[in-house]
Amino acid sequence: MRLQFLLGEIGNGLRRNLSMAVSVVIVTMISMYLLGLGLLGQRQVDTMKDYWYDRVQVTVLLCAEKTRYTTCAGEPTTDAQRAAIKAELDQLKPTVKEVFYESRDEAFTRFKDTYKNSPLARAGEAYFADSYRVNLNDAGKFDVVASSLRGMPGVADVQDQKKLLEKFFTFMNTISWAAIALSSLMVLAAVMLISTTIRQTAFSRRRETGIMRLVGASNFTIRFPFVMETVIAAVAGAVLATGMLWATVRYGVVGFLSETLTDTAFIGVSDVLLVAPFIVGGVVVLAVLTSSLTLRRYLRV
């Protein structure tokens with residue numbers, strides 16, 4: 001009988017404050033969706049790091065005619081110098097995993113295919129040079145390779161792709177943290193809305209709670225309907241946010257990006273399932289704490 005009474009009070013409270021409950025659902029949904037995007041953005045950065053760092057290459061640029069590198073003195077790399085550089089790379093194994101030679105023509109063709117809209121793609125192959133592209137067994141051993149090759153005759157520069165990737169990952173991290181920061185503001189708005197909703201609901205039902213006190217109802221019996229109304233609305237918003245995250249990843253990432261950019265690793269639906277418990281659990285804790293503290297202050301029970 002007591003449980004039936006409490007459930008009835010919860011249902012009546014949701015019906016009487018439907019507009020406020022819908023507001024809590026919407027604000028919670030938006031805030032949790034932004035928070036989920038930020039968390040998924042962090043997982044995407046980690047996924048791409050694991051994928052790309054295993055494929056990082058060291059580029060050993062060789063000298064070309066009228067090159068801008070002062071170490072070349074304007075002279076191209078000779079065949080003897082190429083052979084010496086290749087021998088040095090072979091001696092660096094097993095730090096060096098594989099070595100590929102790429103001519104100026106091949107480098108220019110690859111650049112045109114990858115960056116069709118770049119001004120360099122229209123400038124001609126004069127801006128490119130022959131190079132050795134080196135795969136490492138450990139991307140952290142770049143300094144070992146660079147220190148062995150820099151200064152050798154015929155070597156213009158030694159470039160590490162990892163440094164370029166780190167700039168990209170820093171940018172991605174900044175975006176994800178910005179989404180988390182924005183979601184924090186939305187969470188604050190949700191807390192304020194929940195607090196206001198509880199106060200208005202408690203004020204409108206002050207006569208009922210007064211009667212319940214007179215007949216000896218416990219604090220739990222009085223508070224429970226208010227708390228559960230808030231939890232139900234907040235969890236509904238969290239579930240909707242999780243559904244939006246699932247749709248974003250399923251159709252936006254898995255269904256589009258992963259099929260368009262086949263040479264890149266992306267997060268999947270399983271990552272949403274890992275993030276979802278934190279979102280729903282956090283919303284439940286937030287709703288319970290906010291409603292309980294508000295009731296303690298304004299309902300005086």
For the residue pair Trp177 and Gln42, what are the closest heavy atoms and their distance?
-> NE1-NE2, 3.1 Å
Nearest heavy-atom contact between Thr290 and Val191 is CG2-O, 3.7 Å
Do Leu273 and Tyr251 belong together in a cluster built from hydrophobic side chains that touch within less than 4.5 Å?
-> no
Between CE of Met32 and CG of Leu240, what distance do you get to the nearest 0.5 Å?
-> 13.0 Å
Min side-chain heavy-atom separation Val275-Leu35 under 4.5 Å | no
May I have all residue pairs that pass ring-ring contact (aromatic ring centres under 6.0 Å, His included) and include part of residues 83-103, sequence neighbours excluded?
-> Tyr101-Tyr132
Out of curiosity, Leu257 CG to Gln44 CD, how far, rounded to the nearest 0.5 Å?
-> 8.5 Å
Treating Ile, Leu, Val, Met, Phe, Trp and Tyr as nodes and any side-chain heavy-atom pair under 4.5 angstrom as an edge, say whether Phe256 and Val272 lie in one connected cluster.
-> yes
Please answer: with hydrophobic residues joined when any side-chain heavy atoms are less than 4.5 Å apart, are Ile30 and Val22 in the same cluster?
-> yes
In Å and rounded to the nearest 0.5 Å, what is the CZ to OG1 distance from Arg250 to Thr248?
-> 12.5 Å
With a 4.5 Å limit on heavy-atom distance, are the side chains of Val134 and Leu92 in contact?
-> no
Looking only at heavy atoms, which two atoms of Thr77 and Gln81 are closest? And how far apart?
-> CA-OE1, 3.4 Å
Of all heavy-atom pairs linking Thr230 and Ala287, the shortest is CG2-CB, 4.0 Å
Salt bridge (charged side-chain N to carboxylate O under 4.0 Å, His left out): pairs with one or both residues in residues 271-286, sequence neighbours excluded | Arg43-Asp271
Same cluster or not: are Met29 and Leu188 linked, directly or through other Ile, Leu, Val, Met, Phe, Trp or Tyr residues, by side-chain heavy atoms under 4.5 angstrom apart?
-> no
Look up atom CG in Leu62 and atom CD1 in Ile85, then write down how far apart they are to the nearest 0.5 Å.
-> 5.0 Å
Which value, rounded to the nearest 0.5 Å, describes the distance between Glu102 atom CD and Leu61 atom CG?
-> 10.0 Å
Check whether Leu274 and Phe278 end up in the same hydrophobic cluster, where Ile, Leu, Val, Met, Phe, Trp and Tyr are linked by side-chain heavy atoms less than 4.5 Å apart.
-> no
Heavy atoms of Ser131 and Thr59 approach each other most closely as CB-CG2, 4.0 Å
State, with a plain yes or no, whether a side-chain heavy atom of Arg133 is found less than 4.5 Å away from one of Val60.
-> no
With distance as the sole test, does Ser31 use its side chain to make a donor-acceptor pair with the main-chain N or O of Thr28 at under 3.5 Å?
-> yes
For residues Val269 and Val254, report the shortest heavy-atom separation together with the two atoms involved.
-> N-CG2, 4.4 Å
